[in-house]
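In what follows, every heavy atom counts, from backbone to side chain, and hydrogens, waters and symmetry copies are set aside.
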Amino acid sequence: MALHLPPVYLLNFRLPTSEVLKLEREIGEPLVRDISEAKIVIGKVTRKSRAQLEFKSRGVHTEEVVHETDDYKAQKRRRIDEGKTREVITVDSSTESEPELDLDPKANSPGHSIKVLKLDWYFDSVKAGALLPTEKYLVYEGRIVEKPKAAPPEPRKLLRTESILSRARASTPPRIQSSYRHNPRRSHSPNIRSKTQPRLLHETTSEHDIADNLPPLPSYLKSPYSCERPTPAHSPNEAFIAQLQKLKHARKLDRDDRGISALAYSKAIAAIAAYPYTLTSAREISRLPHCGQRYVELYQEWKETGHIKEVDEIESDARMKSLKEFYEIFDVAEKTARQFYARGWRDLDDVISHGWDKLSPNQQIGVKFYDDFQEKIPREEVEKIAAVILKYANRIREGFHMVVVGGYRRGKDMSGDVDVILSHPDDDATDHVVEEIVWNLAEDKWITHRLTVSTTNSERGQEPVSWKGSMPKSAGGFCTLDKALVVWQDADQARNPDPKKKHNPRRRVDIILSPWKTAGCAIVGWTGGTMFERDLRKYCRHERGVKFDSTGVRRLSDGAWLDLEAGGGDLLAKEKKVFEGLGLEWRDPTERCTG
DNA sequence: AGGCAAATACTG
DNA sequence: CAGTAT
DNA sequence: GCCT
């Protein structure tokens, strides 16, 4: 192909990688890596907005070239006015940016216009053996402009006054831009319009520097571990996060990759949720750990259009709807949900009518109480349930301590279930009491079903001397961390119904018994959001050489049990000691909302 | 390009 | 062992 | 899907 192509940039959007590679090989020389260096951009794009988005997501800002003077002026004026409202960047007085002289389209400078063409232009040209006129293929023509930059948003007020952020801010010089802006060296990667600028202190010129004029990235957001960051329940970016949640959910349901891609979303979401400012630009999001190109694109699309196409598609997808309905049955997860769908079932009624006896006992419970379990539990009710459990525990033996963990402890108004941890300063008091507690609660009709009751978690490698002797029966263990997952119903109300209350929903309740010595670990292990817990384990393993779980902390090398909680008075003090012992800054439970 | 992703216990 | 749960 |  003897085509003499101008500098071309190939968009990979909606192109399979194989195709991209093929095209790249085929085009060869004229290909450029930086979109701003291109004269022509080709790709599977048909909409102007999409084309613009492709530029933005690469940090290049363009304005449409309209071949009509008046229009152009109007547009330009608007843009300048926008610029006026920013207090930022005075810089460009010295620069090019205003394309008064928009002739002279020197590549790589503002004013240089770039045409986005449908892929067919390329194919047809190859066929014709010559470059064809572009009109028929033109999707968008843009001219590079200085980035319109929003003023750094005010940090959102955090719920916790003692959060790291406020402390950091208190001890940080007031908004000196250079404190976060200057980025000596390496600010000149392939860069549009960077004619080396006067290096007046906080002057910047390069795209990067300008773009980097963003709120400072809180240092905790440099950590890849969500357990090292305060993550409040509410984020200034909740609306965007909600979109990501939907994508994550969809990945989980319809992709068989061991949840890996869903996990990627979880990580990104956890990072964004810890970001205390309202996002305003693509580059801003890409500073966050686990937020790569994918999230830049999603953010761009969402910001521009207020929608994410893929999310919309998911929401109107009937199969997804069915899978979701199945997935929400207790004891049905993604595999089973897909299996149900594959059998031709489409909703809960199908499950009941066609498959009731194929369900496991727990799944039957899940179906029976489907609606109840969907209902969220108000804090008040969580507290009542917990109080009943504690009463029954103390009836067996005085002196139990209890902490309600889970979402409740993270401050959620409504919980999906109730998780309580019980412990007792007397070592042997926690042994095998779950069964007894559950039995008694069941007898008094608080518990209607037991989903699982597990006992005996034996520990190894700890104080062999003492526990061997002191542990009477129970082959196995010194340290038992027993738990029961049960279906709960308010017995008071069952006995004499309050007419004001419509019904008496069943609740899922998790009762966990922890030995006193490691109760701090149990509390840590059952309080955090999912990502918090995963990252905590990962952090322990990789940064501290220990293995954390809710039964304790062990040295990786020899498995020796480490007592991090010695001398901690009550349960909460013990929890704090665990953080200390792991070299982690304390996080209030309400800052563990990593989802 | 390839490695990696938290850790365990229970049920059928 | 596969699947689900915490 | 991100990280090295």
Chemist: So, Lys303(A) side chain and Thr280(A) main chain: donor-acceptor pair closer than 3.5 Å or not?
Modeler: yes
Chemist: When you measure from the side chain of Arg537(A) to the backbone of Asp549(A), do you find a donor-acceptor pair of N or O atoms at a distance under 3.5 Å?
Modeler: no
Chemist: Can you identify which nucleotide, out of dA5(B), dT6(C), dA7(B), has its nearest atom closest to the Asp417(A) side chain?
Modeler: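 So the nucleotide nearest the side chain must be dT6(C).
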Chemist: Among dC2(D), dA5(C), dG3(C), which nucleotide has an atom closest to any side-chain atom of Tyr295(A)?
Modeler: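 Within the option list, the nearest is dC2(D).
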Chemist: Quick one about Asp331(A) and Ser360(A) (side-chain donor to acceptor, distance below 3.5 Å, no hydrogens or angles considered), yes or no?
Modeler: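 There is such a pair between these side chains.
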Chemist: Please state how far atom CZ in Arg287(A) lies from atom P in dC2(D), giving the value in whole angstrom units.
Modeler: 18 Å
Chemist: Taking atom C1' in both dA5(B) and dC3(D), compute the distance separating them and give it to the nearest angstrom.
Modeler: 11 Å
Chemist: Side chain of Arg294(A) only, please: which of dG1(D), dG3(C), dA5(C) is the nearest?
Modeler: dG1(D)
Chemist: Among the candidates dC2(D), dT6(C), dA5(B), find the nucleotide nearest to the side-chain atoms of Lys538(A).
Modeler: dA5(B)
Chemist: Counting heavy atoms from C-beta on, name the nucleotide in dC3(D), dA5(C), dG3(C) closest to the side chain of His290(A).
Modeler: dC3(D)
Chemist: Please give, in whole Å, the distance from dT6(C) C1' to Met531(A) CE?
Modeler: 16 Å
Chemist: Quick check on contacts: within residues 241-275 of chain A, what sits under 4.0 Å from DNA chain B by heavy-atom distance?
Modeler: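 Under 4.0 Å from DNA chain B: Ile260(A), Leu263(A).
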Chemist: Mind checking Pro224(A) for me? I need base, sugar-phosphate or nothing, with any heavy atom below 4.0 Å counting as a touch.
Modeler: nothing
Chemist: Roughly, in whole Å, what's the span from CD1 in Ile365(A) to P in dT11(B)?
Modeler: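 Distance, rounded to whole Å: 12 Å.
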Chemist: Taking Asp490(A) first and then Lys384(A), would you say they form a salt bridge - that is, a charged N and a carboxylate O separated by under 4.0 Å?
Modeler: yes
Chemist: Report yes or no: does Lys517(A) contribute a side-chain atom to a donor-acceptor pair with the main-chain N or O of Asp563(A) at less than 3.5 Å?
Modeler: no
Chemist: Between the main-chain N or O of Phe240(A) and the side-chain N or O of Asn237(A), is there a donor-acceptor pair closer than 3.5 Å?
Modeler: no
Chemist: So which nucleotide from dA5(B), dG1(D), dA7(B) ends up closest to the side chain of Arg541(A)?
Modeler: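 Nearest to the side-chain atoms of Arg541(A), counting from C-beta on, is dA7(B).
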Chemist: Can you check whether Arg508(A) has a side-chain N or O nearer than 4.0 Å to OP1 or OP2 of dA5(C)?
Modeler: no
Chemist: Arg338(A) has an atom CZ; how far is it from atom C1' of dA2(C), in whole Å?
Modeler: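 Atom CZ in Arg338(A) sits about 13 Å away from atom C1' in dA2(C).
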Chemist: Return the nearest nucleotide to the side chain of Lys483(A); candidates are dT6(C), dG12(B), dA7(B).
Modeler: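 The answer is dT6(C).
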Chemist: Quick one: list whatever passes ring pair (Phe, Tyr, Trp, His ring centres under 6.0 Å) with Tyr225(A), sequence neighbours left out.
Modeler: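 In terms of ring pair (Phe, Tyr, Trp, His ring centres under 6.0 Å), with neighbours along the sequence ignored, Tyr225(A) is linked to Tyr539(A).
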Chemist: Under 4.0 Å: is that the gap between some side-chain N or O of Arg537(A) and OP1 or OP2 of dA7(B)?
Modeler: no
Chemist: Would you mind reading off the distance between Lys335(A) atom NZ and dC1(C) atom P, rounded to a whole angstrom?
Modeler: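 It is 15 Å, rounded to the nearest whole Å.
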Chemist: Between Asn362(A) (CG) and dG3(C) (C1'), how many Å, whole number?
Modeler: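 For the pair Asn362(A) CG and dG3(C) C1', the rounded distance is 12 Å.
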Chemist: Please state how far atom CG in Asp510(A) lies from atom C1' in dA9(B), giving the value in whole angstrom units.
Modeler: 12 Å
Chemist: Taking the six-membered ring for Trp and the single ring otherwise, decide whether the centroids of Tyr295(A) and Tyr265(A) are under 6.0 Å apart.
Modeler: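 Ring centres of Tyr265(A) and Tyr295(A) closer than 6.0 Å.
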Chemist: NE2 of His449(A) versus P of dC10(B): gap in Å, rounded?
Modeler: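 Whole-Å distance recorded here is 21 Å.
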Chemist: Using heavy atoms to find the nearest nucleotide of DNA chain B for Pro361(A) and Thr530(A) separately, return the residue whose nucleotide is more 5′.
Modeler: Thr530(A)
